[in-house]
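For reference, the structure discussed in these notes is given below.
Naming: A, B, ... by sequence-line order, numbering from 1 per chain. Since the model is a prediction, treat every value here as computed from it, not as a measurement.
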Amino acid sequence: MIKNDIRSVLKQALENCYQQGALTSGEFPAEIQLEVPKNPEHGDYATNLAMMLARSEGKAPRRIAEVLAESLRADALFDAVEIAGPGFINFRLAVGYWAKVLHHIYAEQEQFGRSQVGAGVKVQVEFVSANPTGPLHIGHGRGAVVGDALAAILAAAGFDVQREYYINDAGNQVQTLGRSILLRLRELQGKVIDFPEDGYQAAYVTELAEGLRQEQGELADLNEEEAISRCTRFGVDQILKWIDTDLKAFGIHFDNWYSEQSLYDRDMVEQELGRLKEKGLTYEEDDALWLRTTEFGDDKNRVLIKSDGSYTYFASDVAYHLEKFDRGFDRVIDVWGADHHGYIPRMKAMLKGFGLPAAALEVLLIQMVNLLRDGQPFVMGKRSGNFITLREVIDEVGRDACRFFFLMRRCDSQLDFDLELAKQNSSDNPVYYVQYAHARICSINRNAAAVGMEQPTLAQFDFSYLTLAEEIALIRQLSRFPEAIEGAALHYEPHRLVFYLQDLAALLHSYYNRHRVLDEDAQVTSARLYLVNAVRIVLANALGLLGVSAPEQM
RNA sequence: GCGCCAGUAGCUCAGCUGGAUAGAGCAACGGACUUCUAAUCCGUAGGCCGGGGGUUCGAAUCCCUCCUGGCGCGCCA
């Protein structure tokens, strides 16, 4: 990648300066910072290296920059090396470099943009993990898309990625579901029931009970506890099928579905808690077993086993997470709803107490989604069952728009999701803006083919016909795609790719409006076709990582 | 009361580990379709980056404090 090339050139220049005595401190910054200047007049890349060295060298930044620049100007990588502002060194890449970028894209095709920064690191992304007590709603959708896109981006950056869904199929919530189903079943049988307030009121519970009707005879023979257990199992299985179906409609698949109940079935909770005990991290008090999380940054200690002998939810979660590391993951990423943020300190404390590095667990908090229709908030009540399911939203606005909207914002800021806006086929809708750029290029290709113009090959491509500022700007943006993926991966920020895409699409539309690709001059046409098809490849690659389609025609 | 997240143009939001003149879309206003799809483009206007202090060559970004909004603070899951 170009940034690394520049870095090594800089490092070499610095070494030269030290050897020649032009600079004396002998200091090498841990990482040489390279940035893309906001103002294009400041070149393609810039470094603040001279400013960083100012203190140890005891010289003015601009003088240090001058010394470094002298050594850098000889390098063939650059057309220009300039000193500017308080001591920035600005680089303008040599023209020949841009031709190489295009060749590189053609050589790599759908692989272009991938890197190896994450090579050898095994990472798990756990996301959605919604309780199997009801259909997915809109909030789950955001977490689902963010987790899915992040996993794809991490994989593109070379990480070894696994997508996992944790099924909370043990404990009170699913018991309550089972009880609710049983009650509805009895109601269907004509019995008078007293439905509890903390039961699941929504209509789908009755739907599930309907599904059990054929077995009602059998169920009647069971005692209450066994009947509830049967209802629970049926309900959970059925709801998980719904969830899986909805996720598939959203283009999301998991490598692994991990059952909480299986932790108990395999005595994993007992075993993992035993390991915590051995490390002296637990103590007994008031007939309960506690974990000393306060010693590692939590504000209070946490109960693992209640005084009645049952495990807390935290206990199984501890076991679950410890087992993730047993499974060999170097890094574990959890995608949670922001309302669970209070849970992070105890989880991190537990891992820290266990001797795992703080960075081993990364929790991505997904902020709330405010559903709007024509600018008016859509109020949803959870218990009442008055909510919009994810499926309904996907069916209404479409998978592409839905995914794109969820990815448009940084995930730790709240998101306004306007159903009408997401549906509009207009300039208000950023999804189409990007997709249209792709479709336009495909359209140009069809027109080129219609007049017998062939797609240029590497051998036919003549870079000297690409002389316009807009053309160089496009290639510059293309060259930054690998950096965009790497940044999105290392910072766990899929939205960066959305912004990258919008910038690239904007450059393409602007170019399209100002200049014709299919020109009178065959040579010019050929070179431009080569360029726009490189753009097409990158648009498709980026959209692919986000799980949004790249249509050939709109 | 304590903690987490947020506060940037009228609205919705970017701003990468502190960098050069704070950006984009929408809305507003003015333009561009006999020309590869106008789902597009070009231009104008719009800002004490919530307030106040500090750190330094340099702060929207880091620290302190206050204000506002959202969400959490169970031997619930």
- Query: What's the verdict on side-chain contact (heavy atoms from CB on, under 4.5 Å) for A:Ile239 and A:Leu177, showing C-alpha distance, side-chain angles and the deciding distance?
  - Reply: CA-CA 11 Å; A:Ile239 289 173; A:Leu177 174 72; 3.8 Å; yes
- Message: A:Tyr492 vs A:Leu150, test: side-chain contact (heavy atoms from CB on, under 4.5 Å). Steps then yes/no.
- Response: CA-CA 7 Å; A:Tyr492 311 121; A:Leu150 180 64; 4.2 Å; yes
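Put simply, A:Arg410 has no side-chain N or O that comes within less than 4.0 Å of OP1 or OP2 on B:C16. Between A:Tyr433 and B:A24 there is no side-chain polar atom (N or O) within less than 4.0 angstrom of OP1 or OP2.
Computed from coordinates, the A:Arg409 CZ to B:C11 C1' distance equals 11 Å when rounded to whole Å. Here B:A38 presents its P atom at 10 Å from CD1 of A:Ile444, a figure rounded to the nearest Å. B:G15 atom P lies 12 Å from atom CG of A:Asp503, rounded to whole Å. Rounded to whole Å, the distance from CG on A:Leu507 to P on B:A24 is 12 Å. Atom CD of A:Gln502 and atom P of B:U12 are 17 Å apart (whole Å). The interatomic distance linking A:Leu508 (CG) with B:A39 (C1') rounds to 14 Å, in whole Å. For A:Asp418 and B:C26, the CG to P distance is 16 Å, given to the nearest whole Å. In this entry the distance linking CZ of A:Phe406 with C1' of B:C13 reads 17 Å, nearest Å.
Here the separation of B:G18 from B:C57, taken at their P atoms, is 15 Å to the nearest Å. Comparing the same atom, P, in B:C62 and in B:C16 gives a spacing of 9 Å after rounding to whole Å. Separation of the P atoms belonging to B:G15 and B:U34 is 41 Å when rounded to the nearest angstrom. When the C1' atom is compared between B:U68 and B:G25, the two are found 26 Å apart, to the nearest whole Å. When the C1' atom is used for both B:A9 and B:C64, the distance is 29 Å, rounded to whole Å. Nucleotides B:A45 and B:G23, compared at atom P, are 14 Å apart to the nearest Å. Comparing the P positions of B:A14 and B:U8 gives a spacing of 10 Å, expressed to the nearest Å. Taking atom P on both nucleotides, B:C13 is separated from B:G31 by 32 Å, rounded to a whole Å.
The residue A:Gln435 sits apart from the nucleic acid: no heavy atom pair falls under 4.0 Å. Counting non-hydrogen atoms under 4.0 angstrom, A:Met408 reaches nothing in the nucleic acid. As judged by a 4.0 angstrom heavy-atom cut-off over every strand, A:Arg440 is placed among residues touching the sugar-phosphate backbone only. Among the protein residues, A:His515 comes within range of the nucleic acid bases, having at least one heavy atom under 4.0 Å from a base atom. Across all strands, A:Ser510 comes closer than 4.0 Å only to sugar-phosphate atoms, never to a base (heavy-atom distances).
For the pair A:Val393 and A:Cys402, the tightest heavy-atom approach, listed with the atom from each and the gap, is CG1-SG, 3.9 Å.
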- For each nucleotide in nucleotides 67-77 of chain B, reading 5' to 3', give B when a protein heavy atom comes within less than 4.0 Å of its base, S when such contact involves only the sugar-phosphate, and - otherwise. ---SBSSSBSB
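A donor-acceptor pair is defined here as one N or O able to donate and one able to accept, closer than 3.5 Å; such a pair exists between the side chain of A:Ser180 and the backbone of A:Thr176.
The stretch residues 441-456 of chain A participates, sequence neighbours left out, in no salt bridge (charged side-chain N to carboxylate O under 4.0 Å, His left out) pair at all.
Closest-nucleotide positions on RNA chain B for A:Val36 and A:Asn447 were compared, and the one nearer the 5' end corresponds to A:Val36. For the pair A:Tyr511 and A:Asp416, both in contact range of RNA chain B, the more 5′-proximal nearest nucleotide belongs to A:Asp416.
Judged purely by distance below 3.5 Å, without hydrogens or angles, the side chains of A:Ser310 and A:Asp308 pair a donor atom with an acceptor atom. Using a 3.5 Å distance cut-off with no hydrogens or angles, the side chains of A:Gln173 and A:Tyr200 do pair a donor with an acceptor. Side-chain polar atoms of A:Tyr258 and A:Glu126 form no donor-acceptor pair below 3.5 angstrom. Defined by atom type and a distance below 3.5 Å, a donor-acceptor pair is present between the side-chain atoms of A:Tyr283 and A:Asn301.
In RNA chain B, runs of at least 3 stacked Watson-Crick or G-U pairs (N1-N3 plus N6-O4 or O6-N4, or N1-O2 plus O6-N3, all under 3.5 Å) give these stems: B:1-7 with B:67-73, B:10-13 with B:23-26, B:28-32 with B:40-44, B:50-54 with B:62-66.
Rounded to the nearest 0.5 Å, atoms CZ (A:Arg440) and OG (A:Ser443) are 9.0 Å apart.
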I'd like a list of close polar pairs between nucleotides 20-23 of chain B and the protein, N/O only, cut-off under 3.5 Å.
unit_1: B:A20; atom_1: OP2; unit_2: A:Lys38; atom_2: NZ; d: 2.8
unit_1: B:A20; atom_1: N6; unit_2: A:Asn90; atom_2: OD1; d: 2.7
unit_1: B:A20; atom_1: N1; unit_2: A:Asn90; atom_2: OD1; d: 3.2
unit_1: B:A20; atom_1: N1; unit_2: A:Asn90; atom_2: ND2; d: 3.0

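Note: A:Tyr165 and A:Phe127 fail the aromatic proximity criterion, with ring centroids not under 6.0 Å apart. Between A:Tyr45 and A:Phe91, the gap from one ring centroid to the other reaches at least 6.0 Å.
Taking A:Asp412 as the reference, A:Arg410 meet the side-chain hydrogen bond (donor to acceptor under 3.5 Å, both in side chains) condition, with sequence neighbours excluded. Qualifying side-chain hydrogen bond (donor to acceptor under 3.5 Å, both in side chains) partners for A:Asp317, counting only residues two or more places apart in sequence or in other chains: none.
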